[in-house]
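Scroll down for the structure; my scribbles are underneath it.
Keep in mind it's a predicted model, so treat the numbers as computed, not measured.
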Amino acid sequence: MAKNDAPKTAITPTRNDDYAEWYQQVVRAADLAEQSPVRGCMVIKPWGYAIWENIQRSLDLMFKATGHKNAYFPLFIPKSFLEKEAQHVEGFAKECAVVTHHRLIAGPDGGLIPDPAAKLEEPLIVRPTSETIIGAAFAQWVQSYRDLPLLINQWANVVRWELRTRLFLRTTEFLWQEGHTAHATEAEAREETRKMLEVYATFAEDYMAMPVIKGPKTAGERFPGAVDTYAIEAMMQDRKALQAGTSHFLGQNFAKASGIEFQSKEEKKEFAWTTSWGVSTRLVGALIMSHSDDDGLVLPPRLAPAHVVILPIFRGDDTRGKILEYIDALKKELCDQRIFDRNVEVEVDLRDVRGGDKQWEWIKKGIPLRIEVGLRDVESGAAMLARRDRAPKDKASVPRGELVAKVVETLRDMQAGLLEKALANRAANTRAIDDRAAFDAFFTAKNADKPEIHGGFALSHWCGDGACETAIKDALRVTIRVIPEGEIPGVGASATVFEQGACVVCGKPSAQRVVFAKSY
RNA sequence: CGGGGCGUAGCGCAGCCUGGUAGCGCACCUGGUUCGGGACCAGGGAGUCGGAGGUUCGAAUCCUCUCGCCCCGACCA
């Protein structure tokens, strides 16, 4: 095949040519977000924000169904609050935005400067997370064991002064949800931690069509101040791991720091047991990197801002009305259909833009289905149907009578297909590796100058020693993403997680394999 | 925050070495021909060349500083 015969893709470069650049181009081509004038902060555009809204709505229902209530706490956290939990301080101190003044005045050069007379007595920290401020509230709210459990969630923005940012994956300000709960017993708090991890895993697989491995993190990867951190980890198309959600068992650390005490049935003063758990706009990044291709974004129907775009094909003004009428009726009927707990959402693109361009725009935006309606279709009682998970030119005429049912059926099929494909990709790039040489080879690019996509998930034995974990990290930038608690679908019997083995680093005995990978 | 790269029209880039006040493709606007399709022809609009200093008769081009973005690393959702 000559160079010029290479299939033209809507996105350049392709994933294989330059994955990082491809990602950015998809974000732009799909009109999801853009860089803002503020360093490290993004503007989320309507199409991208709608995805977040769908994530929000779906998760919110799941939180409510598990007994949680939403509330809202201050953006600002007094410095002294953050100082209350030693490990917490250590973890977050180096990435905090600090508010020191409450007024601006004219400066010597005509600009504005903070008024020295308006300096805050105690600096306020723009929340990097809300354990401490919510802890303070909880301390007020909880008196008796009858006040427990306290199950609260907050949708908010947070700020972490990141040194290296990437749209959606890591930005200085990001949107998220943070659940905070307090319980009377350790067992109950542990159960809550697990329950929410499960909610996240379900959401990832059923809504995002993104398979995840769930389980505890190693001590080294723990949330600052947590006793145990659990996570869901997904594999992106460049085979790197992405932490898509975390759930923390905080023990009594924060209860002690914030004074969350209650009187037990036995009339004793006790510290509550707390948890926290969160997912962020990073999920949008995860979605992009799970399914999208060299023609742009690919969205799971369940979270797509719209399911269908109807593209009219006009030839001359005399037939325009007829076609519009046909489209209108079709749209109405489609919008009455239920799919995945909501109505089918339809866009009709009437813009005066060339047909081909219009079509490609929607392909790049990842809308699941495109329906073309021209005079021919109106007259024959049909429409052309094209799906985003097939080649752009792959279209089929569907009789009008079957169209509506076909749309619903196809959306379901696509949702399932995306998960299957992602599962297959993960399985194909997950390997049981038992000796160090093979491990090193797995995580080393053949082309050092321009590393190709390589590696994946290595299921290897680990003795549990942090030193071995660090040795791998230093040598290969590979970390233990998660300690799996079940077999990994699609991986095959030769890679059984639970069997005796020897640590891939030091050779000491190990009872199970863990997931090693490069990560975001 | 360390190493590297890059900032020239909305997007992608050339020009910079060898200073003489900007060019290409796509997008955009107008007219026409096309048209189940990322078309073609003709005409047109759009850039204080990231910002600030400096050198010079003259700076996108040379020097200094600064801001931002990207990649690699350390850190992290």
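Residue pairs that meet the salt bridge (charged side-chain N to carboxylate O under 4.0 Å, His left out) test with at least one member in residues 197-210 of chain A, sequence neighbours left out, are A:Glu198-A:Lys214.
Legend: residues meeting ring pair (Phe, Tyr, Trp, His ring centres under 6.0 Å) with A:Trp462, ordered by chain and number and at least two apart, are absent. In this view, A:Trp161 satisfies the ring pair (Phe, Tyr, Trp, His ring centres under 6.0 Å) rule with no residue, not counting sequence neighbours. Residues satisfying the ring pair (Phe, Tyr, Trp, His ring centres under 6.0 Å) criterion with A:Phe442, sequence neighbours excluded, are absent altogether. For A:Glu21, the side-chain contact (heavy atoms from CB on, under 4.5 Å) criterion is met by A:Pro13, A:Asp18, A:Gln24, A:Gln25, not counting sequence neighbours. Qualifying ring pair (Phe, Tyr, Trp, His ring centres under 6.0 Å) partners for A:Tyr230, counting only residues two or more places apart in sequence or in other chains: none. Remark: A:Pro392 pairs with A:Asp295, A:Trp360, A:Ile363 by the side-chain contact (heavy atoms from CB on, under 4.5 Å) rule, at least two apart or across chains. The side-chain contact (heavy atoms from CB on, under 4.5 Å) check on A:Leu167 picks up A:Val27, A:Gln35, A:Met42, with sequence neighbours excluded.
Only the C1' atoms considered, B:rG68 is 27 Å distant from B:rC28, to the nearest whole Å. Separating the P atom of B:rU34 from that of B:rG51 is a span of 47 Å, rounded to the nearest Å. Atom C1' of B:rG50 sits at a distance of 24 Å from the matching atom of B:rG45, rounded to the whole Å.
Computed from coordinates, the A:Gln359 CD to B:rA39 P distance equals 11 Å when rounded to whole Å. When the C1' atom of B:rC11 is taken as reference, atom CD of A:Glu361 falls 13 Å away, rounded to whole Å. We find that CG of A:Leu163 is positioned 10 Å from P of B:rG2, with the value rounded to whole Å. When the P atom of B:rA74 is taken as reference, atom CZ of A:Arg160 falls 19 Å away, rounded to whole Å. Regarding A:Leu169, its CG atom lies at a distance of 10 Å from the C1' atom of B:rA77, rounded to whole Å. The CD1-P distance, from A:Ile310 to B:rG36, rounds to 20 Å in whole Å. Across the protein-nucleic acid pair, A:Asp474 atom CG and B:rA74 atom C1' stand 11 Å apart, rounded to whole Å. When the P atom of B:rG3 is taken as reference, atom CZ of A:Arg164 falls 15 Å away, rounded to whole Å.
Between A:Arg28 and B:rG12, a side-chain N or O to OP1/OP2 separation shorter than 4.0 Å is present. For A:Arg166, a side-chain nitrogen or oxygen approaches OP1 or OP2 of B:rC71 to under 4.0 Å. For A:Lys364 and B:rG38, the shortest distance from a side-chain N or O to OP1 or OP2 is not below 4.0 Å. Between B:rG5 and A:Lys450, no contact under 4.0 Å exists linking OP1 or OP2 to a side-chain N or O.
Donor-acceptor pairing under 3.5 Å is lacking for the side chains of A:Glu452 and A:Asn447.
Residue contacts for A:Lys358: at a heavy-atom cut-off of 4.0 Å it reaches no nucleic acid atom on any strand shown. Within 4.0 Å (heavy atoms only), A:Ser280 reaches at least one base atom of the nucleic acid. Among the protein residues, A:Thr171 comes within range of the nucleic acid bases, having at least one heavy atom under 4.0 Å from a base atom. Here A:Glu162 lies in heavy-atom contact (under 4.0 Å) with a base.
Checking side-chain atoms of A:Tyr207 against main-chain N and O of A:Pro300 turns up no donor-acceptor pair under 3.5 Å.
Taking the side chain as every heavy atom from C-beta outward, A:Asp228 and A:Phe223 never approach each other to under 4.5 Å. The closest side-chain heavy-atom distance from A:Arg160 to A:Thr129 is below 4.5 Å.
Contacts with RNA chain B (heavy atom under 4.0 Å) in residues 31-53 of chain A: A:Gln35, A:Arg39, A:Gly40, listed by number. Only A:Ala20, A:Gln24, listed by number, bring a heavy atom of residues 15-27 of chain A to less than 4.0 angstrom from any atom of RNA chain B. RNA chain B is contacted by A:Glu372, A:Gly374, A:Leu375, A:Arg376, A:Asp377, A:Met384 of residues 369-387 of chain A, taking any non-hydrogen atom closer than 4.0 Å.
Here the closest heavy-atom approach between residue A:Ala517 and residue A:Gly456 is recorded as CB-O, 3.6 Å.
Electrostatic pairing of A:Lys79 and A:Glu83 counts as a salt bridge here, judged by a charged N lying under 4.0 Å from a carboxylate O.
In this structure, A:Phe138 and A:Phe73 have perpendicular ring planes: the angle between them is above 60°, well past the 30° mark.
B:rA77 has A:Phe174 stacked on its base ring, the centres lying under 5.5 angstrom apart and the planes within 30 degrees of parallel.
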Every protein N/O within reach of nucleotides 40-44 of chain B N/O, cut-off under 3.5 Å:
none

